[in-house]
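Since this is a predicted model, take the numbers as computed values, not measurements. Residue numbering restarts at 1 for every chain, and letters A, B, ... go by the order of the sequence lines.
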Amino acid sequence: MSIRDELNRLDEEMADELKSLDTLNALETLRVHMLGKKGQLTSLLRMMGQLSAEERPQIGQLINERRERFMKMLDERQAALQAKEREFRLQRERLDVTEPRRLPEVGCVHPNTLVLNEVVDCFTGLGFEVVEGPEVELDHFNFELLNIPKNHPARDAQDTFYIDDNVVLRTHTSPVQARTMTTRKPPIRIICPGRVYRADEVDATHSPVFHQIEGLVIDEGVSMGDLKATLDAFARRLYGADIHVRFRPSFFPFTEPSAEADLTCVSCRGQGCRICKNTGWIEVLGCGMVNPKVLEMCGIDPQRYSGFAFGIGLERITMLRYGIKDMRLMYEGDLRFLRQFRQDVKEG
Amino acid sequence: MKVSMNLLKRYAPIPVSPAEYQSRMIMTGTGVEGIEDLSEQLQHVVVGRVLTCEPHQNSDHLHVCTVDVGNGDPLQIVCGAPNVAAGQLVAVALTGAKLPGGVTIKKGKMRGVESCGMLCSGPEMGVPTELYPSVGDAGILVFREDYPLGTDVREIFGLNDHVIDFEILANRPDTLCVWGVARETAAAMGTQLSLPAISVREDPDADIHDFAKVEVLDADLCPRYAARVIRNVRIGESPAWLRQALYAAGMRSINNIVDITNFVMLETGHPMHAFDLDKVAGAHIIVRRAREGEILTTLDGKQHTLKGGELLICDEHGPTGLAGVMGGEESEITEGTHTVLFEAASFDRTSIRLTARSLGFRTEASGHFERGVSPQTVLDGLNRACQLVNELDAGDVASGLIDIYPSPVVHQPVTASVSRINRLSGVELSGERMVEILRKLCFQADVNGDTLTATAPDFRQDVEGEADLCEEVLRYAGYELIPSTPLRGVADGKRSASMHQNDYLRTMLSGMGYYETITFSFLAHKKLEMLGLPADDDRMNALAIRNPLGEDSAYMRTTLLCGVMTTAQINQAHGNEQARIYELGKVFDNVHRTAENLPGEYQHLCMCAYGGEEDFYSFRASVETLFSRLGVEYVIVPEAQPWLHPGRAAALCAGDKTIAVLGEIHPDVAEAYELSGRVYIAEIHLPDLFALSQPMGYVKGLARFPAVSRDLALVVAETQPVGPMMSAMREAGGKLLEDISMFDIFRGPQVGLGRKSVAFSLRLRAEDHTLTDDEIVRVMNKVLRTVSEKFGAEIRA
């Protein structure tokens with residue numbers, strides 16, 4: 001058989017084999033069979049010696065053409081097979097994406113902490129610094145400096161836990177304010193969050209341990225209008241832009257004038273409901289202008305400086321914020337309760 | 001304080017609805033808890049005359065009556081009361097009438113006879129005997145007085161009224177009476193205050209000094225004591241208006257003299273006491289402190305042994321009453337009383353409060369004195385009582401009065417600046433407007449340029465300076481005028497360092513699936529003992545509360561363990577099968593005290609986990625994560641604590657400090673706490689943790705030269721702890737050993753009994769060049785030599 005015939009036969013063989021094979025392995029075998037060191041085309045090249053000088057370049061060219069064509073054919077077929085194989089694997093790996101799995105559990109801080117963070121963000125944004133102090137406190141700071149002298153009814157054992165005659169569990173975070181006033185010079189702009197104690201039995205709205213956030217501002221020319229604006233900002237931040245603050249005259253020993261600050265009822269938005277006893281307002285915090293006597297006792301000149309103070313019950317605003325009906329849930333630590341909380345990420 | 005609105009209106013008109021009144025009072029500083037409409041409960045009940053009364057044909061106890069209710073059309077009513085009879089004046093509930101308890105009267109047939117209404121008994125109308133003495137419990141009410149037929153019985157019973165429940169502020173004891181709220185009402189309503197002019201008609205033939213003598217031995221506790229004497233006392237029933245006023249205030253009517261004293265307290269805020277003067281030995285009142293062990297029987301029949309120091313009212317025989325709290329049994333007013341001594345006084349509020357508290361009872365009177373009764377207005381109470389004696393013709397008032405008032409109190413004018421008041425309030429008011437408001441509140445007030453001068457009325461004890469005047473002016477000008485003026489000036493708002501630190505901890509803990517819990521800072525000593533701590537452990541010496549709510553909350557916690565274990569128990573009891581919880585809070589160190597001699601207060605973190613895949617190592621890993629992310633270098637060492645499993649307890653230490661103790665709860669302790677399964681707990685002393693936290697500094701560049709990995713399986717004795725071995729390897733590896741980790745532990749016959757094969761993976765790298773084989777071999781040999789010398793480790797064949 002002539003080389004030319006042989007080449008034609010190889011063309012046919014190549015076409016047939018390529019057509020019939022369907023694995024990458026078979027393709028590799030064919031590649032070796034055709035183009036390998038001992039492959040068919042290579043053997044033809046070895047037979048070139050038998051050819052005449054004129055024929056040699058022609059045949060050489062034909063063989064080289066074949067080599068290139070075969071390589072191209074094999075590569076194309078390989079790519080097709082690979083694609084088919086991948087397609088097959090992807091089919092095989094198909095999952096039921098709806099099959100349920102247990103979620104990795106991400107915990108959450110206590111609801112008090114969620115709300116405290118909002119409150120602290122609000123006040124630090126207004127230039128307030130967070131200051132903390134001891135929970136077991138000297139009578140001097142908890143009462144005396146706040147214009148609640150010895151034997152004042154507010155100090156009755158029914159309200160205050162005593163350690164001894166001079167030491168109490170702080171009944172508010174105001175002693176932190178007193179400590180700050182005696183150690184720093186105005187301007188002062190602080191908030192004091194923390195745990196406080198009152199000798200109340202536990203029920204749905206009372207607890208012997210709870211948390212307060214008190215604020216204090218002292219500077220020249222501080223007015224009750226400044227207090228109003230500060231609390232307005234707090235109310236809007238926590239409960240929304242439609243919430244307003246209403247001042248109502250009240251009495252606290254360490255402020256004069258004093259006020260109860262009511263907020264638009266967060267439940268009915270002021271329309272009147274059961275929660276606000278149809279008044280449209282809910283009592284949220286006590287505040288007022290720092291009593292000049294307190295300033296004086298703390299070594300601040302009341303002729304030059306004035307200031308305001310306010311006290312927020314953290315549990316109260318947390319319960320309002322999340323509609324918690326029973327305070328006891330807050331201290332029980334039942335995960336069925338705690339798992340419901342998460343950080344809100346939407347504005348107001 | 002409950003007050004009848006009708007009574008209040010006698011002194012200050014209220015031209016608005018109750019709801020409007022409530023809101024106006026609240027906004028001017030007088031709290032109103034609520035207003036109850038007494039008339040709502042009883043409607044369409046009128047006075048009627050029983051014309052005829054015949055037995056019912058089908059009943060042995062019912063009667064069929066015809067009743068005239070004044071409209072010319074007598075009603076037929078069937079009545080079952082045994083006392084019904086023709087001619088009686090009775091209360092008739094008409095068809096459609098409403099009775100207390102939601103009862104509505106309908107037309108109906110009783111045993112075949114039509115009945116158009118009901119004849120009422122007192123209880124059916126909710127009318128108490130205190131208010132209307134002719135109301136009896138047996139049968140229907142029969143009026144003794146004559147009333148026009150058809151009169152609404154509410155007018156007779158005084159039920160066309162509202163009861164206002166005032167909430168009195170601590171600094172305004174002067175408003176703890178009708179006149180006090182009347183003053184605030186008139187000012188708030190802008191109406192005319194009309195308190196009665198007090199005048200007493202005295203018997204010129206009798207001089208008080210001939211009948212009684214008063215001595216005050218302890219004037220420090222009794223700044224003022226005043227008395228008057230009533231002779232020829234005619235004890236009797238009080239008139240309806242008086243009974244109704246007392247009823248509305250929640251007080252019982254006793255007799256005219258006692259009712260007068262109670263009414264005067266209600267009206268003027270001055271507690272009064274009436275003595276049967278004939279029973280006062282020597283007709284001589286002595287006010288003094290009690291001696292220790294003195295015995296006194298009060299009006300309520302109780303005997304008290306006194307501690308000494310309580311203020312007493314005595315006669316020549318001894319104590320007759322507890323000053324300002326309760327009178328004595330001996331000199332009580334009775335049917336047979338002929339001569340009465342009225343006492344009106346001002347007692348020291350603290351003394352009264354302490355006395356009432358130590359004897360364990362409070363009375364209306366002591367309540368007033370505790371809040372403060374002005375000595376300046378004592379005579380108003382005393383004379384008002386005598387005026388009522390005159391009006392009620394309850395006796396003859398002897399002339400003159402005894403008034404022991406050694407140091408009279410006189411209010412000094414307060415000087416203030418109009419502009420400073422305005423600066424403080426933020427509201428711009430003229431001096432003239434301030435004077436107008438203050439005068440309405442019974443102050444003497446004047447303004448001269450910027451200077452405001454005001455003298456508080458005698459009944460006010462709370463006005464001391466400019467800030468007080470500011471409040472007075474502002475609450476009547478209206479708190480709603482206060483503008484909203486944002487704070488001026490820039491200030492550096494920031495969280496405290498500890499808040500920052502705790503925030504980061506919380507963020508990490510949330511990420512690891514932990515939930516924050518809060519428990520009380522109290523401790524039951526029993527729960528502390530359940531941990532099995534030795535008696536000399538500092539934590540056993542907890543700070544005690546002098547007046548705790550109970551035994552379970554008698555101490556301040558020295559550890560968070562007890563609270564968190566209890567929380568875990570609650571969760572198990574509530575069916576939560578797995579939990580990761582923590583508490584972040586203070587513990588109180590009673591042993592190491594501060595410079596102020598207060599207990600040390602430290603932030604602790606207590607983590608607890610159970611259920612699911614949790615095991616000792618996963619739990620320890622959570623704790624370690626906190627250390628590692630805070631950049632705290634630590635070593636893990638075995639730990640022994642009584643509440644932890646002896647073989648599953650570890651401490652994380654740095655230097656000589658133990659920062660965290662963790663492990664599986666000891667089965668005995670778990671049992672005591674009613675915990676089931678394996679529960680893991682850790683307590684971390686945060687001040688030390690944060691103190692050791694390294695600042696993160698600058699980042700390192702990423703490695704530019706290749707790393708080499710080598711695995712190493714080492715066989716050691718089972719007892720050999722892996723942690724120290726790995727630390728030693730790390731140290732031996734030096735700078736070139738970039739990382740080392742353990743990936744397997746194998747036990748089995750291949751490695752021999754009592755031995756284990758621990759497989760480590762080491763990664764070596766140099767910062768500045770590609771490692772040579774020589775370097776690698778040197779490092780590996782050093783590591784091997786170290787573990788072989790220190791731990792007897794051999795390379796696994």
Which bit of [X] comes within less than 4.5 Å of chain A, counting heavy atoms only: side chain, backbone, both or neither?
{"X": "B:Arg423", "value": "backbone"}
{"X": "B:Ala579", "value": "both"}
{"X": "B:Asp468", "value": "both"}
{"X": "B:Glu464", "value": "side chain"}
{"X": "B:Thr28", "value": "backbone"}
{"X": "B:Ile581", "value": "side chain"}
{"X": "B:Phe588", "value": "side chain"}
{"X": "B:Asp503", "value": "side chain"}
{"X": "B:Leu474", "value": "side chain"}
{"X": "B:Met27", "value": "both"}
{"X": "B:Ser521", "value": "both"}
{"X": "B:Leu598", "value": "side chain"}

Sort A:Arg246 into side chain, backbone, both or neither according to what part of it lies under 4.5 angstrom from a heavy atom of chain B.
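Contact with chain B is through the side chain of A:Arg246 alone.
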Within-4.5 Å side-chain heavy-atom neighbours: A:Tyr197 and B:Phe522:
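Answer yes - side chains close enough.
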Among residues at least two apart in sequence or on other chains, which ones pass salt bridge (charged side-chain N to carboxylate O under 4.0 Å, His left out) with B:Glu184?
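With neighbours one apart ignored, the set is B:Arg172, B:Arg475.
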Quick check on the interface: out of A:Arg102, A:Glu105, A:Lys228, A:His110, who has the most heavy-atom pairs with chain B under 4.5 Å?
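Of the options given, most contacts go to A:His110.
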Name all residues meeting the side-chain contact (heavy atoms from CB on, under 4.5 Å) criterion together with B:Thr558; count only those two or more places apart in sequence or in a different chain, and write none if there are none.
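So B:Thr558 forms a side-chain contact (heavy atoms from CB on, under 4.5 Å) with B:Leu523, B:Leu528, B:Arg539, B:Ala542.
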In sequence, state the C-alpha distance, the side-chain angles, and the governing distance for A:Val202 and B:Leu549, and then conclude on side-chain contact (heavy atoms from CB on, under 4.5 Å).
CA-CA 10 Å; A:Val202 183; B:Leu549 287 179; 5.7 Å; no
Sorted by first residue and then second, give each salt bridge (Lys or Arg N to Asp or Glu O under 4.0 Å) pair with at least one member in residues 566-582 of chain B; sequence neighbours left out.
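Pairs touching residues 566-582 of chain B that pass the test: B:Arg580-B:Glu614.
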Step-by-step side-chain contact (heavy atoms from CB on, under 4.5 Å) determination, A:Arg336 to B:Asn576
CA-CA 8 Å; A:Arg336 292 172 300 168; B:Asn576 295 316; 3.4 Å; yes
Close contacts, residues 287-296 of chain A versus chain B, judged by heavy atoms under 4.5 Å:
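Result: A:Met289, A:Pro292, A:Lys293.
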